[in-house]
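A, B, ... follow the sequence lines: proteins, then strands. Residue 1 opens every chain.
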4 protein chains.
Amino acid sequence: MSQTKKTQIISAAKQLLAEHGIENIKVNDIVKQAGVAQGTFYLYFRSKSALIPEIAAELIGELLQIQREKLSQVVRTSDKIDIIIDTSFEVSRSYRGLLSLCYSGLAINDELSEWERIYEPYKTFIEEILEAGKAEGEVTQQIATSSAAQMMISLIEETTERVHLHEDETEVPHEKEQLRTFLKRALLHV
Amino acid sequence: MSQTKKTQIISAAKQLLAEHGIENIKVNDIVKQAGVAQGTFYLYFRSKSALIPEIAAELIGELLQIQREKLSQVVRTSDKIDIIIDTSFEVSRSYRGLLSLCYSGLAINDELSEWERIYEPYKTFIEEILEAGKAEGEVTQQIATSSAAQMMISLIEETTERVHLHEDETEVPHEKEQLRTFLKRALLHV
Amino acid sequence: MSQTKKTQIISAAKQLLAEHGIENIKVNDIVKQAGVAQGTFYLYFRSKSALIPEIAAELIGELLQIQREKLSQVVRTSDKIDIIIDTSFEVSRSYRGLLSLCYSGLAINDELSEWERIYEPYKTFIEEILEAGKAEGEVTQQIATSSAAQMMISLIEETTERVHLHEDETEVPHEKEQLRTFLKRALLHV
Amino acid sequence: MSQTKKTQIISAAKQLLAEHGIENIKVNDIVKQAGVAQGTFYLYFRSKSALIPEIAAELIGELLQIQREKLSQVVRTSDKIDIIIDTSFEVSRSYRGLLSLCYSGLAINDELSEWERIYEPYKTFIEEILEAGKAEGEVTQQIATSSAAQMMISLIEETTERVHLHEDETEVPHEKEQLRTFLKRALLHV
DNA sequence: CATGAATGAGAGTTCATTCAT
DNA sequence: TATGAATGAACTCTCATTCAT
């Protein structure tokens, strides 16, 4: 029941965050939207900026879980990349720019290590995929797994957010295809 | 002379911005650093947030100019990519995190098109390089020039910023090398 | 209790207003005088200028209530006019220039209708008196009740304020007498 | 020629004053409208608030001059009152509320004596008319000339401004008639 | 746990005035 | 005389945070 309040606050914040930026949201807005009292916010969050990491972690968690499920039966790295791109586009669509807002929110408050901590499980997940791909001989050995994972994540994220910030949905398939080609050329054997 | 004041303000702001991030800087700090009066700021900028695009434009301009010079005698696209990466790392080092702060500043202010307008000349520059590379048969035809340029820019920018935000300078050469490999695999013929 | 804060603010404002005039008062002064925090002001008033109508309404309310009481047993219109003039002088004395300051405050803010809304009950009150006087044959039929009421109010207000702004209290009885004569000649049968 | 600049400033100020209130006009607006430089303002006016009395004096001067002309051939006080009312309505219409804005402008800056000094010639003018009327036996002796003049001026001014602030021009003739009746009953013998 | 009135430091912005040219 | 860039004190309003209930 009390957990309900926290959940209410987080989802209210997610909603508002997606609509405005972090600096344009007041705690007051969040609690109003959540239907709780001003003071209640501080029962669950040390401060306003402590809210961001929690949201970011939740988003990453969702993405990770979805991808884990979808990839469970897939064998070829090439197919895995397709699925990762597809799911990223889907999740990103529902949270238009939310992640990049979280990012800048954290960057602003100089808590970048926090950001890395949050991203860590996802990065590990991608690294495992690439490592497996290397073992299978599908993924090139030319690039270190860690760097490859990082670049892959960045590129997918940047592209999905950019595409979704543009209102033009017709571009999505084309951009997705370009991304796919780019990534596979970079990562997979010819 | 009056242009001097504006210049003073911009460079003071650039300096502070690189250290603190947009939301942590007060107009007061900027003018103090610039050695001008509070009101003078508003003679040249409509508001605090109107400052960001101007700075961003200047940075992109600098980067563009440097790269244009360095590339003037270079023929092979592969070499061009090397140089672009190198100069990006250099410029990015002197403005630690500035670009991403600009980015978040703009994203927050919903001035996405402004941002694109500012970035446009640089994107065109990269596109021309890729187009030339295609004509020479060095760059793959598999990826549309526009998308390729965008992804290339994003990836370089993201990597440089990430690397420089980490204080560990020893990683730089390795990450640079990884990026180089990644990009060339993606863009060039084998 | 929370209503207390608002009351404190209003009476602090009334006090300062009577001394200084609206444009010369800082919100800071008001809250200091009221013994509340700066932010508390904005809990109860949307802005500084939103304060004026509330004060004006209160003053009119006070005046109306006092006059209603004093007139309850009075029969002749002539006597009523005397009492209205007397009470107006008294109330006006304790709020030197306050009403005209309210007026200019409102005029400046183009909220004329707001001003009329506030004055409405008082005007109705005076109209009823004149109407009754007409029925009794004491008040002339030559002037429409609405216009007569308006002119009567304006004249009394203008005179009281003018007299009180002059520091010379010795003039009061004479001016009062002049006003009385003027009004009765205009309104009553010979 | 240099007098031109001052004239330009005054008439720009009059125009803006009529549209907005005194507190809403910036020196900057005035000089822009007048087509002169910021500094030029201070060649002709000690400060912003020194502008108001000059404007007020000009307005009163105009009114006085017009009325003097129109009344030169008129004999009966009753007719004079008619003409005074008519001309006041006309002048007031072209300067919607300007006088009352001047008034509050001065009231705000505690320069009430200034205000009286400006009004003095007009008051004298009205007093002379009433005095003459008394000599002729047309004006009642019951009211002191000074008080009568003051009340007459106030009432006319208040009424014209009130009527003109209301956008409804159809009411004008009726209100004028009411005012005429009111004043004559108060001042003239039956 | 929950509330929400109260807080108050602090920031952005304005604008009358000045002064070197 | 005329200019207009520069000034900087002053003021309103915001909003994260607290705490008595």
Once you round it to whole Å, what is the distance between P of E:dC15 and NE2 of D:His20? 12 Å
Measure the distance from CG on B:Asn24 to P on E:dA11 and round it to the nearest whole Å. 10 Å
Pairs counted only when both distances fall under 3.5 Å, Watson-Crick or G-U: show me the 5' to 3' dot-bracket for DNA chain F, [ ] for pseudoknotted crossings and | for other-strand partners. .||||||||||||||||||||
With a 4.5 Å cut-off on side-chain heavy atoms, are B:Leu51 and B:Ile30 touching? yes
Need one value for B:Ile25: base, sugar-phosphate or nothing, where a base atom within 4.0 Å counts as base even if backbone is also close, heavy atoms only. sugar-phosphate
I'd like to know if A:Gln38 reaches the base of F:dT17 with its side chain, counting only an N/O donor and acceptor under 3.5 Å. yes
Check the distance between F:dA6's C1' and B:Gln8's CD and give it to me in whole angstrom. 12 Å
Would you kindly give the CG-to-C1' distance between D:Leu16 and E:dC15, to the nearest whole Å? 15 Å
Would you mind reporting whether A:Val31 and A:Val27 have side-chain heavy atoms less than 4.5 Å apart? yes
Under 4.0 Å: is that the gap between some side-chain N or O of B:Lys5 and OP1 or OP2 of F:dT7? yes
Give a yes/no on whether any side-chain N or O of D:Tyr44 is located under 4.0 angstrom from OP1 or OP2 of F:dA2. yes
What nucleic acid atoms does D:Leu51 come within less than 4.0 Å of, heavy atoms only: base, sugar-phosphate, or nothing? nothing
Contact nearer the 5' end of DNA chain E, comparing D:Asn28 with C:Leu43: C:Leu43
Please list, chain by chain and in numerical order, all residues satisfying side-chain hydrogen bond (donor to acceptor under 3.5 Å, both in side chains) with D:Glu58, sequence neighbours excluded. D:Lys14
Report yes or no: does A:Lys5 contribute a side-chain atom to a donor-acceptor pair with the main-chain N or O of A:Phe41 at less than 3.5 Å? no
Separation of B:Ile30 atom CD1 from E:dT13 atom P, in whole Å? 11 Å
Determine, for A:Phe45 and A:Lys6, whether the Lys NZ or Arg CZ falls below 6.0 Å from the six-membered ring centre while staying within 45 degrees of the axis. yes
Salt-bridge contact C:Glu120-C:Arg117 (side-chain N to carboxylate O under 4.0 Å): no
Taking side-chain hydrogen bond (donor to acceptor under 3.5 Å, both in side chains) as the test, write out the residues that go with B:Tyr42, two or more places apart. none
Name the nucleic acid region contacted by D:Val31, choosing base, sugar-phosphate or nothing; use a 4.0 angstrom heavy-atom cut-off, strictly under. nothing
By nearest-heavy-atom nucleotide on DNA chain F, the more 5' of C:Gly39 and B:Val36 is B:Val36
Under 4.0 Å between a side-chain N or O of A:Thr40 and OP1 or OP2 of E:dT3? yes
For C:Lys32 and F:dT12, give me the distance from atom NZ to atom C1', rounded to whole Å. 14 Å
Can you measure D:Ile9 atom CD1 to E:dA16 atom P for me and round it to whole angstrom units? 14 Å
